[in-house]
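Step one of this worksheet: look at the structure below.
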Amino acid sequence: QIQSLENGVLFLTKTNLKYMSRGGLIIFDYLMDESEDMHSLLLTDSSTLLVGGLQNHVVEIDLNTVQETQKYTVEVPGITIMRQSNRFFFCGHTSGKVSLRDLRTFVVEHEFDAYSGSLSDFDVYDLRMMRATTPLQVHIDPFFLRFIPTYTSRLAIISQTGQCQFCEPTGLANPADIFHVNTVGPLIMTFDVSASKQAPAFGDSEGCVHLWADSPEVTFNAYSRETDFALPCIVDTLPHLDWNQDLVPLSLIPVPLTSDTLLSDWPAANSAPAPRRAPPVDPEILRTMKKVGFIGYAPNPRTKLRNQIPYRLKEVDNEFDSFSQVPESPMGREEEPHLYMGAKKYRKVTIKYSKLGLEDFDFKHYNKTLFAGLEPHIPNAYCNCMIQVLYFLEPVRCLVQNHLCQKEFCLGCELGLLFHMLDLSRGDPCQGSNFLRAFRTIPEASALGLILADSDEATGKVNLGRLIQSWNRFILTQLHQETQEQEGPQAILLTLVLFFSSSFGSSGDSVIGQLFSCEMENCSMCRCGKETVRVSSTLLFTLSYPESTEKPVKDYEFAQILKRSICLEQNTQAWCENCEKYQPTVQTRNIRCLPDVLVINCEVNSSKEADFWKTQAEYAFQRAMMKRGGFEITKGKEISLAEWKELGNPDMGHSYPSVEELKNIWIPYAIKMKLTKSKELDVCNWSESDELSPTDDPESVYVYDLMATVVHILDSRTGGSLVGHIKVGETYHQRKE
């Protein structure tokens, strides 16, 4: 539901309440519990809001403090519509009931059985009788209705197909009073009337609004004000350069990347280091100093201004000064962090600034390799781990580093520059400010809720797991569009995001399309027998988990869930042109080809999916133990690499600390996928010791290696952080060496 206020607009989704200014800036973003399913909101005064849905309570929210102030219990769950008069709150339920509640206590005062099915709409005009009148017979299928009491108590009744009938509640409906909204096919999805009652508006499923009025000059509100429109684009072309002007900055001219020596690179023979050593201690301080033990105390001679310090170069500090400090542990030592944190290697590092900014922060304390990190302290840096994943996908890195266009804000160009910085770095972190600035200018990113306010990450109100999956889908689509005319190679990607990679080629209209795109065949079968087939493509897949209430949960291999998610089958209501109405439809999806890089959004957004993963990991551990023939390991004992291999597992390169860690492994290190001649998909887990069967055609079999994962590390205080695990290719090590 959408509700306009004085300073902005409120948007309600199933688990989210967002308040945005009329210019599109986020004022606040209030997340509700994952189990909530909100459907309607009601503004009771300028600062108080009621929110209801398919659960057995209604939440009262203070818009000034953005806090839940009250929770009212509802006897009949399933509130889909809420209205208010000067006497009652009105709640329409999915059961067809309409309850009238006290304005102060929310206690039920009256209740009507308005309809035998679920309500789609209701309106309130006259409640003096407090009883149902004779049902009004109309000539259309009613879906929306509103009283329009301009001259009489007229009632507007609207069907989803675009028919609109006006009639009196106490009289007979006249077919002559039926009007038609010309939607040219799409269904009417919403309807409302202006505050002045002079103009009704109809919204259809294609995103169009049909505005009706009885005269050209219409007053919509009693006190209207000018509408805020977006500013027009004022930068259409590059600026003109006048070669006759001596003061034109040369930085306006693009310079190609080159490996040759630049004019500004002075040879060592023509330059010498000039370290700036620490200045000697002021003699006045030494003269007045008194020693207590080995510590000297002296009054400030005030020979320098407050906060005045000598200027020190970074190179000089590292070489000549002994003041280099080891930074504090991520969140401080005094708070006993082991009581609430995960493993140390997964904790979010907080950079503590000094007066010199980042100059005296020892990044090598956390990163002893030559691979560069990305600074996490700038807004929207939650996507750093996904940027690193894209960097270590060599075809993607080559693509964006060879991309050049004329757009002012192009993610491909900015990503290419950032990757070049990561190439040049010898372990020092890089900053993605330019990329993130271009990212913030893209309207689609704002519409998808991917742009966070400065305080959102710090307060922990953002679901980072869901956010990075949306960002993953967005960046692949955006790069695909921006590099539409580029060409080029292949790899599996798992988000929370998983990346798996194969070693076979495919076709596509861009390099991103060639790498990630998968052509799908979507089939819809109506119960009348009408079959509709539609071909589309996707750049990633989302895991779909079985809906089952069985206890205990069944044992599934990861490959089974993956196949079920790719070849998805579901029952839904869809429009049937043969029946000319919405009908129960069976929708199935099959793929026509396999991608080179398989990207998977794991969709672990609640405790239900997390428990499913935990259970399946325990099953996988039991299977490994049974495969070994009852191999017994005592709790807490370290498992060597040889013992892990004996369990039938691939070479991991290290030993696991304990049995507890082994119980968390469900994702295989490789997956075999093949398309049969009848285009049926076969998926199974794969290990290094497995071999292709004699019936397998090597041309049709893809073996995907797990290349990267992006995971959400939970922390109840801060909302957690995102961590990427990446299998770095050999070429990257060679280039850094």
Side-chain angles (χ1 to χ4, degrees), residues 389 393 395 489-495 497-508 514-521 538-546 554-569 589-602 613 616-617 619-624 626-628 644-653 665-709 725-727 729:
V389 169
L393 278 170
Q490 53 193 305
I492 218 182
L493 183 75
L494 178 58
T495 64
V497 182
L498 298 177
F499 284 78
F500 286 87
S501 68
S502 73
S503 47
F504 298 88
S506 66
S507 62
Q514 294 176 31
L515 288 171
F516 301 97
S517 181
C518 178
E519 197 173 70
M520 300 184 306
E521 189 178 84
T538 183
L539 297 172
L540 55 78
F541 293 99
T542 299
L543 287 189
S544 174
Y545 302 100
K554 288 176 62 178
D555 181 7
Y556 295 93
E557 285 193 344
F558 181 82
Q560 291 176 274
I561 299 298
L562 179 59
K563 178 182 178 181
R564 180 183 184 276
S565 304
I566 295 175
C567 302
L568 192 62
E569 180 175 321
R589 182 174 70 190
N590 293 294
I591 60 174
R592 291 183 169 184
C593 62
L594 292 169
D596 296 335
V597 184
L598 182 61
V599 188
I600 305 168
N601 276 355
C602 292
W613 273 67
Q616 298 308 319
Y619 280 135
F621 178 72
Q622 293 170 10
R623 281 198 303 271
M626 292 175 64
K627 189 174 182 181
R628 176 65 180 80
W644 176 242
K645 282 186 173 180
E646 283 187 48
L647 292 177
N649 295 288
D651 190 345
M652 292 293 299
I665 299 176
W666 183 44
I667 308 168
Y669 294 99
I671 288 174
K672 186 187 83 169
M673 299 177 70
K674 73 172 182 178
L675 280 174
T676 64
K677 293 181 179 179
S678 60
K679 294 297 181 183
E680 291 185 2
L681 181 64
D682 182 30
V683 185
C684 65
N685 293 359
W686 185 263
S687 66
E688 292 180 352
S689 59
D690 293 338
E691 295 181 356
L692 294 177
S693 66
T695 58
D696 285 339
D697 178 12
E699 295 296 323
S700 64
V701 174
Y702 281 44
V703 175
Y704 291 91
D705 293 318
L706 181 61
M707 181 264 173
T709 66
H725 301 90
I726 305 170
K727 187 177 180 181

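Predicted, not measured: the structure shown is a model, and the values here were computed from it.
For Ser565 against Leu543, the heavy-atom pair with the smallest separation is OG-CA, 3.3 Å. Counting all heavy atoms, side chain and backbone alike, Met707 lies closest to Val389 at CE-O, 4.1 Å. Minimum interatomic distance between Phe516 and Pro595 (heavy atoms only, all atoms of both residues): O-CB, 3.6 Å. Of all heavy-atom pairs spanning Phe541 and Ile591, the tightest one is CZ-CG2, 4.1 Å.
With contacts defined as side-chain heavy-atom distances shorter than 4.5 Å, the pair Pro546/Arg564 qualifies. The closest side-chain heavy-atom distance from Lys727 to Leu706 is not below 4.5 Å.
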side-chain contact (heavy atoms from CB on, under 4.5 Å) between Ile671 and Leu598, intermediate numbers included = CA-CA 10 Å; Ile671 288 174; Leu598 182 61; 5.6 Å; no
Stepwise side-chain contact (heavy atoms from CB on, under 4.5 Å) test for Glu680 and Leu675 = CA-CA 6 Å; Glu680 291 185 2; Leu675 280 174; over 6 Å; no
Could you walk me through whether Leu594 and Tyr704 pass the side-chain contact (heavy atoms from CB on, under 4.5 Å) check?
-> CA-CA 11 Å; Leu594 292 169; Tyr704 291 91; 3.5 Å; yes
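Annotation: the span from Lys563 atom NZ to Asp682 atom CG amounts to 6.0 Å, rounded to 0.5 Å. Atom CD1 of Ile600 is separated from atom CD1 of Ile566 by 6.5 Å, given to the nearest 0.5 angstrom. Here the CG-CE distance, from Leu681 to Met673, works out to 4.5 Å after rounding to the nearest 0.5 Å. Atoms CG and CD, from Asn590 and Glu569 in turn, are 9.5 Å apart once rounded to the nearest 0.5 Å. Atom-to-atom distance recorded for Cys684:SG and Leu562:CG is 11.0 Å, nearest 0.5 angstrom.
Among residues two or more places apart in sequence or in another chain, the side-chain hydrogen bond (donor to acceptor under 3.5 Å, both in side chains) test is passed with Lys674 by Asp696. When the side-chain hydrogen bond (donor to acceptor under 3.5 Å, both in side chains) test is applied to Asp555, the partners found at least two apart in sequence or on another chain are Arg623. The side-chain hydrogen bond (donor to acceptor under 3.5 Å, both in side chains) search around Tyr545 returns Trp613, not counting sequence neighbours. Applying the side chain to side chain contact (heavy atoms under 4.5 Å, CB included) criterion to Cys593, with sequence neighbours excluded, gives Glu519. For Glu521, the side-chain hydrogen bond (donor to acceptor under 3.5 Å, both in side chains) criterion is met by Arg592, not counting sequence neighbours. For Thr542, the side chain to side chain contact (heavy atoms under 4.5 Å, CB included) criterion is met by Arg473, Leu540, Asn601, Glu603, not counting sequence neighbours.
Under a 3.5 Å cut-off, the side chain of Trp666 and the backbone N or O of Tyr556 do form a donor-acceptor pair.
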